[in-house]
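Numbering of ligands and ligand atoms starts at 1, following listing order.
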Amino acid sequence: ILNGQTIWLHSNYLIPASKVVIIDAGHGGTDPGAQGNGLREKDITLDIALRTQRLLKANGFTVIMTRTTDKTIRLAERTKLANNSKANMFVSIHVNAGGGTGIETWWQSNAPEAQKSNALAKNIQNELVKETNVRDRGIKDGNLHVNRETNMPSALVEVGFIDNSNDAAKLKQERYRNQIATGIVNGIKKYFQIFH
Ligand code: ZN
């Protein structure tokens, strides 16, 4: 109602356009990713990606998955799918290795949409740490294919170290995987409060 008059709008205008998020489960198929403590990175990333997909849908987002099964997909295929989709953002899920503990999130400063990618990485990282209470390794600027080659804001999360027994014990828990999914979704929601 405006100035006492009823304004009739086509119903399309009343429904906010759904935000489109691409969730990329790292590795898969013939590429297991990092391995340790009886875990394979490709299995954990897929499980967390599927949990994140469900939660995003429940929050009204449209979700595009680069994979929903244990399938081999090259990095170039993932970014091509993303760039053809006109999605609002790309979020890749990985598990770390190499000695360390905690969570970090990667973005790229010389990629398209760098400023938005920085904000996306910061918000996801903050929410992940808030949910899990694990060590905050911060956000990192690096030259990663999926961040470099996507033409929308993008971030890559490393949700723990597979070769650290303490992190691996957490990664095995459904509770921890749900916390990760929640952290990612809350970070995405915070991002969209800044960039509508
Ligand atoms: Zn990985």
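E41 contributes atom OE2 as its closest N/O/S atom to the Zn ion (ligand 1). Distances from the Zn ion (ligand 1) to the N/O/S atoms of H94 are shortest for ND1.
E158 lies apart from the Zn ion (ligand 1) in this respect, since none of its N, O or S atoms is found at a distance under 2.8 Å.
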Would K42 and V95 count as a side-chain contact (heavy atoms from CB on, under 4.5 Å) if you check the C-alpha gap in whole Å, the side-chain angles of each, and the deciding distance to 0.1 Å?
CA-CA 9 Å; K42 67 171 183 175; V95 181; over 6 Å; no
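Note on L46 and V146: separate hydrophobic clusters, where clusters join Ile, Leu, Val, Met, Phe, Trp and Tyr whose side-chain heavy atoms are under 4.5 Å apart, directly or indirectly.
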Per-pair distances, 0.1 Å, donor-acceptor, side chain in residues 86-93, under 3.5 Å, sequence neighbours excluded:
residue : atom : partner : partner atom : Å
N88     : OD1  : V20     : N            : 2.7
S92     : OG   : D24     : OD2          : 2.7
S92     : OG   : H94     : NE2          : 3.2

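For the residue pair E104 / W106, a side-chain donor-acceptor distance below 3.5 Å is found, with atom types taken as modelled.
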